[in-house]
Amino acid sequence: MSMKDRVAIAGASTTGFVAKNLNRTQASLAAEACVDVIRKCGITREDVDGLCGSWPSAAVLQSVLGIPELTWFGNPVIPMVDHVATAAAAVHAGLCEVVLVYHAAYRAAWNSGSALKDPFRRIATPGLSDPHPGPETMAAAVGYTGWASRYMYEYGVTREDLGVVAINARSNAGRNPAAAMRAPLSMDDYLSAPMIREPLSLYDMDLAVDGADAFIVTTTERARDMALPPVLINAAVLGQVRHNEEDQTISLRQHGQQVVIETLKAKGDFWIDDVDVYFPYDGFTPITLNWIDNAGWCKPGEAGAFLREHWVAEEGRALINGRIPVNPHGGSLSEGATQASGHIREAVHQLQGVAGDRQVAGARRALITAGGFFFNAQGLTLHRT
Amino acid sequence: MTVDVSDDELVQRFPGEPITHDNAAHYRGRLRRELLLNRCGDCGRWHAPPKPVCPDCWSTRVSAQPVSGDGVIFMAIFLHRGPAAPGVDYRTPYPVVTVELDEQEGLRFTSTVVDAANEDIRIGAPVRLDWTDRAGVPMPVFALQDSAS
């Protein structure tokens, strides 16, 4: 029996995010979000029998929160659709019934110069003093810059197309008190930002932050007894293809994203014409453009033009067909680098009708296309029935 | 010509490189200035990065074989900052390119381009293999084919 609509997200909480080093640990940030989501759902820690996150480990967080007993826990790999999907599968399989899912974003010594100066963060980063390979690689984050060069080459687009993504994120973040960067961003600001890895500049890259999100994942039946409206998991997928190394990936039209899109269309009950909010991942701006292309909102290479076509000038952001916001929380670019926990949490809040100034009136269906191209493309469709 | 270096010495000569039993032959090849990539002895397909079996036919008759190093730039980026490395000065943005090699469609290798102005390092430009030294060991790099050799 498929788990479609049988498992739900009962609630989501956040600490909010800041682009500075708080004098706190990841365990402290995660614990704050976890306590809040347990309370908002109207349950107790005795109700929690599953725990799922990456940092800190489930063992550490269970001990911190004094959760008496777990029958299942998992520490999957970011981004966070993995955690939600794995927790949902565990619930559906009967390994546990109420999973606390958490993610603590944390400025680490490898993504923040100021974090490198914090001795606690430095010693918390394993391998920092090990010798590292040289710069002649497309591995890890660098790969998105490589494919940005390819995107611009193949489709003949300019950095302005990437800039539209960054500006949209910043304008949305202006309405989100949880976001780390809320001051408006102009195209001139974007184009004059320092290059980091050309053709990507400072504003093409997500923002290292401190903060945490937490979720309760449980059966739809159990969620109906909790305090907030259940958000049903309609379809979830972790998509990956064979050539998944950054420099061996076949093309912008043949990587993990296509698997995600085809799977969500095949297994889910609704698609882009029916959604009220859209969350394309934005760890780097070219990922967002490629998601918009690959999801079928427009033809390959036209995502930048598509966003401009649906641009609402007075709001400084895109509203697809005049109604569908794109990463209304500000995304990883402006709310902060949450590895998609922010995207999922905002989707839950929108569907529960608790998204404050960002609320899309009557939002019922959300599409989240999280992660990048290579070994981390993920999809999730959520709805409220 | 063979260079017999122990596994210990190989790791010492390439600090920071993730050397394994699957890719050690590639690094040994570098020491004698040969760019070796894995090729299947049964179906003849090339694979990168090195894998312990042929991902096409599952043969274990996989070995590191020399490639010409001729190819075309597939992706090109310029690092304005990056990891510290001997001889790399980011005040001039440092090129990193992925090259699609002539041996097989989709077979790619990533390195830098030497002796070229950044504005000439473009996707689609033909390149050839060249060698430089990094901390006393040979490093495979690319040169533009239309530059003087």
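Lettering follows sequence order; numbering is per chain, from 1.
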Aromatic centroids of A:Tyr144 and A:Tyr151 separated by under 6.0 Å: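 So the answer is no for these two rings.
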Within the 6.0 Å centroid threshold, strictly below: A:Trp147 and A:Tyr153: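 A:Trp147 vs A:Tyr153: aromatic centres not under 6.0 Å.
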Over 12 non-hydrogen atoms of neighbours within 6.0 angstrom of CZ in B:Arg81: no
Residues from residues 44-64 of chain B approaching chain A under 4.5 Å (heavy atoms): B:Ala48, B:Pro49, B:Lys51, B:Pro55, B:Asp56
Interface residues of residues 91-100 of chain B facing chain A - heavy atom cut-off under 4.5 Å: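 Those residues of residues 91-100 of chain B which have a heavy atom under 4.5 Å from chain A are B:Pro93, B:Tyr94, B:Val96, B:Val97, B:Thr98.
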Evaluate the side-chain proximity of [Y] to [X]: yes if any heavy-atom separation is below 4.5 Å, no if none is.
| X | Y | value |
| --- | --- | --- |
| A:Pro280 | A:Trp297 | no |
| A:Met152 | A:Leu162 | yes |
| A:Asn376 | A:Ile78 | no |

Non-hydrogen atoms of [X] and [Y] that approach each other most closely:
| X | Y | value |
| --- | --- | --- |
| A:Pro79 | A:Ala340 | CB-CB, 4.3 Å |
| B:Pro18 | B:Tyr27 | CD-OH, 4.1 Å |
| A:Ser186 | A:Ile167 | C-CD1, 3.8 Å |

ring-ring contact (aromatic ring centres under 6.0 Å, His included) involving B:Phe78 - partner list, sequence neighbours excluded: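 Applying ring-ring contact (aromatic ring centres under 6.0 Å, His included) to B:Phe78 gives none.
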Between [Y] and [X], is the closest basic N to carboxylate O distance under 4.0 Å?
| X | Y | result |
| --- | --- | --- |
| B:Arg134 | A:Glu136 | yes |
| B:Arg28 | B:Asp7 | yes |
| B:Asp102 | B:Arg128 | no |

Side chains of A:Asn327 and A:Tyr281, donor plus acceptor under 3.5 Å: no
Residue pair A:Ser201, A:Arg159: steps toward the side chain to side chain donor-acceptor pair (under 3.5 Å) verdict: CA-CA 10 Å; A:Ser201 74; A:Arg159 292 197 63 241; 2.9 Å; yes
Interchain contact, B:Phe74 with chain A, by part (heavy-atom threshold 4.5 Å): both
Under 4.5 Å from a heavy atom of chain A, the part of B:Arg122 involved: neither
Chain A contacts, top residue of B:Ala85, B:Gly82, B:Ser111, B:Ala135 (heavy-atom pairs, under 4.5 Å):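 Counting heavy-atom pairs under 4.5 Å, the top option is B:Ser111.
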Residue among B:Val141, B:Ile123, B:Leu79 with most heavy-atom pairs under 4.5 Å to chain A: B:Ile123
Proximal component of A:Thr137, with respect to chain B [non-hydrogen, under 4.5 Å]: backbone
Proximal to chain B - members of residues 247-255 of chain A, heavy-atom separation under 4.5 Å: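 If one takes a 4.5 Å heavy-atom cut-off, the residues of residues 247-255 of chain A near chain B are A:Asp247, A:Gln248, A:Thr249, A:Ile250.
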